[in-house]
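By convention in this document, chain letters (A, B, ...) are assigned in the order of the sequence lines, proteins followed by strands, and residues within each chain are numbered from 1. Treat the numbers as computed from the prediction; the structure is a model and nothing was measured.
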Number of protein chains: 2
Amino acid sequence: MARSATTSDAFNAVAEPQRRNILTLLTKGERTVNGIAATLGLTQPQVSKHLSVLKQVGLVTVRGSGPQRFYKVNGAGLKPMHDWVSTFEQSWSESMDRLEVYLKELQAKTQSENKPNE
Amino acid sequence: MARSATTSDAFNAVAEPQRRNILTLLTKGERTVNGIAATLGLTQPQVSKHLSVLKQVGLVTVRGSGPQRFYKVNGAGLKPMHDWVSTFEQSWSESMDRLEVYLKELQAKTQSENKPNE
DNA sequence: TTCTTATATTCTACTATTGACATATTCCGA
DNA sequence: TCGGAATATGTCAATAGTAGAATATAAGAA
């Protein structure tokens, strides 16, 4: 079996570095295909294909039907990713005090001793 | 050229749904390979390979060198992802009031009109 | 040392992605 | 209606991942 399709969800779409660069660039405002290509040093077909993927997973929207098209980022499409990643946030958060850390580690320790598998 | 390696960074490692499931499971505490396999309905080799990828990108750590090994999640490895995704958070954040939304849209609009490409 | 359990590795087949290049499509203006 | 600019799509070759099954490895116990 092969890898998950890049168009299956935001996780896969965003795994490609160039697509992340495009989204980051679009943070500054709308851009045309050639505008993106020029800024990032990519060819026009490359950008069109990347945008196609991003559009399919709802990470960008297009404005204009003419030869000139403006692409805009749709940050809301990244909310599922943000939600998932945030569940791990406590690990690096410094707002967690000593006692909380201790209790959390104790809990993890106890769990693994009692029922390592499940 | 092919897709980015799954071991190239957290983004690619986490693009695989099964690996996300494994990380989520490990949130509850340490687990053995067979424990993970049983819980998620995967084969043992599958889990070993997924864990290998996760370990290479620093998303999990191992405890024990014997036949029994306990895997633990390292949430800090997801911080770069969290940071990147958070830059788009304002899009869906409800804490942003009307005026702020208006100004932001106005700014984006003005930018695209003046210099669509760059 | 030998057996046993848990885990890691190897091999194969299939599939989808990527970049590069060429070409098709679309709409605006003359 | 026709030409041209901007964008989308198609083809090709190369590459690497995934599942599945079989097998190798490692460490503790007898």
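One interatomic measurement links the two molecules: CD of Q68(A) to C1' of dC28(C), which rounds to 11 Å at whole-angstrom precision. Going from atom CG of L54(A) over to atom C1' of dT17(C) covers 14 Å, rounded to whole Å. For I36(A) and dA8(D), the CD1 to P distance is 10 Å, given to the nearest whole Å. Atom CG of L42(A) is separated from atom C1' of dT7(D) by 15 Å (rounded to the nearest Å). Between the NZ atom of K49(A) and the P atom of dG10(D) there is a distance of 10 Å, rounded to whole Å. In this entry the distance linking CD1 of I22(A) with P of dT18(C) reads 11 Å, nearest Å. Rounded to whole Å, the distance from CZ on F11(B) to P on dT17(C) is 20 Å. Spacing between atom CD of E30(A) and atom P of dT7(D) amounts to 13 Å, rounded to whole angstrom units.
Ranking dT7(D), dC21(C), dT17(C) by closeness to the A5(A) side chain, first place goes to dT17(C). Which of dT11(D), dA21(D), dT15(C) sits closest to the side chain of A2(A) comes down to dT15(C). Comparing atom distances between the V33(A) side chain and each of dA8(D), dT7(C), dA6(D) picks out dA8(D) as nearest. Taking every side-chain heavy atom of Q18(A) into account, dG19(C) is the closest of dT9(D), dT7(C), dG19(C). Of the listed nucleotides (dA5(D), dT18(D), dT7(C)), dA5(D) has the atom at the smallest distance from the side chain of P67(A). The Q44(B) side chain lies nearest to dT7(C) when the options are dG19(C), dT7(C), dT7(D).
For the OP1/OP2 pair of dA8(C) and a distance below 4.0 Å, the side-chain nitrogens and oxygens of Y71(B) include at least one atom meeting the criterion. At least one side-chain nitrogen or oxygen of H50(A) sits closer than 4.0 Å to the OP1 or OP2 atom of dG19(C). Contact annotation: T6(B) reaches the phosphate of dG17(D) (side-chain N/O to OP1 or OP2, under 4.0 Å).
Judged by the 6.0 Å and 45° rule, R31(A) forms no cation-pi pair with Y71(A).
Q46(A) comes within 4.0 angstrom of the backbone, heavy atoms only, and of no base.
Position along DNA chain C of the nearest nucleotide to R19(A) versus R69(A) favours R19(A) as the more 5'-ward residue.
R20(B) places a side-chain N or O within 3.5 Å of a backbone atom of V14(B) that can act as its donor or acceptor partner. In terms of modelled atom types and a separation under 3.5 Å, the side chain of N74(A) and the main chain of T61(A) share no donor-acceptor contact. T32(A) contributes a side-chain N or O that, together with a main-chain N or O of G35(A), makes up a donor-acceptor pair within less than 3.5 Å.
When each of R19(A), K55(A), H50(A) is tested with V60(A) by the rule side chain to side chain contact (heavy atoms under 4.5 Å, CB included), just one qualifies, namely K55(A).
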